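Heavy atoms only: backbone and side chains are in, while hydrogens, waters and symmetry mates are out. All figures in this text were calculated on a predicted structure; none of them were measured in a lab.
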Amino acid sequence: MSSPTAQPANTPTITSVSKKKPYPFWLGDLTKVRLQASGDKRMIESIKKTYRTAGARGLFDGISGTWLRQMSYSMCRFWAYDESKKILGAGKDAPAWKLAMAGTMAGGIAGFVGNPGEIVMVRLQGDFAKPPEKRFNYKHCFDALFRMVREEGLSSLGRGVGPNVFRAVLMNASQLASYDFFKAELLRTGKFQDNIICHFTASFAAGTVATTVCSPADVLKSRIMNASGPGSNSTLAVIRASLKNEGPMFMFKGWVPAWTRLQPTTILIFLTLEQLKNLVDFSRSKGITMF
């Protein structure tokens, strides 16, 4: 375990709020899960607690789970989105509702396929937020998968699949539909052109919408997946207990770290997508037909 004094170069990022430096992207995922699944109240305090407990190395807790999740859920959703657009006939000038429907279909498929990776990520990242006697102590993502099947049965890989699929549907639909809406509205004002500034602004707004829309399902997903034992995978039981103990605002717990994680992702996705479209148009204008 690393000591806080062993990595002095990293200390300002964790302890100094005044410099307002952006946090590394993995901090959003790690902190979001711990806020949602534990009793931590504030993002900065959660980061400090992680740093005090496990040192700089603790900021990378669950990184193998994040990789597993990205290689399953994220890869699947982009493939499913393209296939869904073909099924719906959503071409270049497709209305926003068709794109949102394609995103809904893609989210449902990817949420189901990526559920085991999601559970592993949540458990690995949330482990150090628990008392020592309640920790899973998984070594890495593959150890987590093996032990889950051995100790809890094959059905444990489906824990929280309902909220996870629901959240994936909301995420894909809200990202796509809101980006198209904001982009169209910005262009309609006459103050924006179809360029990177417009794309950045629209994707920034879309990331905020997607974070807010997905927050309730995200919180429920994290709490169910991070639990174990009989009856702990009941969505209604988790909702009742959370409402009783924390009130309705529990649904937006961890919103800030979730936003800091999702915003860069959303912006990069759409900026890259728009630039790839420009590349395809350019290559076709030059007679290159490989795309």
TODO: State, with a plain yes or no, whether a side-chain heavy atom of M148 is found less than 4.5 Å away from one of R123.
DONE: yes
- [ ] Specify the closest pair of heavy atoms between A168 and G111, including all atoms of both residues, with the distance to one decimal.
- [x] CB-CA, 3.8 Å
Task: Donor-acceptor pair, side chain of T104 and main chain of V169, under 3.5 angstrom - done: no
TODO: Measure across L186 and C198 and return the closest heavy-atom pair with its distance rounded to 0.1 Å.
DONE: CD1-O, 3.9 Å
Open item on the list: Does atom CZ (F252) have a neighbourhood of more than 12 heavy atoms from anything else shown, all under 6.0 Å?
Closed with: yes
- [ ] Report the residues that fulfil ring pair (Phe, Tyr, Trp, His ring centres under 6.0 Å) with Y179, sequence neighbours left out, ordered by chain and then residue number.
- [x] F270
TODO: Find out whether H199 and L271 are in side-chain contact, i.e. whether some heavy atom of one side chain is under 4.5 Å from a heavy atom of the other.
DONE: yes
- [ ] Please report the shortest heavy-atom distance between T208 and T212, naming the atom on each side.
- [x] O-OG1, 3.0 Å
Task: From W259 atom CH2 to T266 atom OG1, the distance as rounded to the nearest 0.5 Å - done: 10.5 Å
TODO: Please check if atom CD in Q193 has more than 12 non-hydrogen atoms from other residues, nucleotides or ligands closer than 6.0 Å.
DONE: no
Open item on the list: Take a 6.0 Å sphere around CE of M105 and say whether it holds more than 12 heavy atoms from other residues, nucleotides or ligands.
Closed with: yes
TODO: Using ring pair (Phe, Tyr, Trp, His ring centres under 6.0 Å) as the criterion, list what pairs up with Y138, not counting sequence neighbours.
DONE: F136
Task: Side-chain heavy-atom pair F182, T201 within 4.5 angstrom cut-off - done: no
TODO: Report yes if the side chains of I109 and R77 come closer than 4.5 Å at any heavy-atom pair, otherwise no.
DONE: no
TODO: Could you tell me whether the side chain of Q175 reaches within less than 4.5 Å of the side chain of L262, counting heavy atoms only?
DONE: yes
Open item on the list: Please give me the minimum heavy-atom distance between A100 and A173, naming the atom from each residue.
Closed with: O-CB, 3.7 Å
Open item on the list: Could you tell me if the side chain of N115 sits less than 4.5 Å from the side chain of V165, heavy atoms only?
Closed with: no
Open item on the list: Heavy-atom count check: over 12 atoms from other residues, nucleotides or ligands less than 6.0 Å from I197 CD1?
Closed with: no
Task: Side chains of S203 and I269 in contact at under 4.5 Å (non-hydrogen atoms) - done: no
TODO: For the residue pair W255 and T211, confirm or rule out a side-chain donor-acceptor distance under 3.5 Å.
DONE: no
TODO: Could you list who else is in L268's hydrophobic cluster, with ILVMFWY side chains joined at under 4.5 Å, directly or through other members?
DONE: none
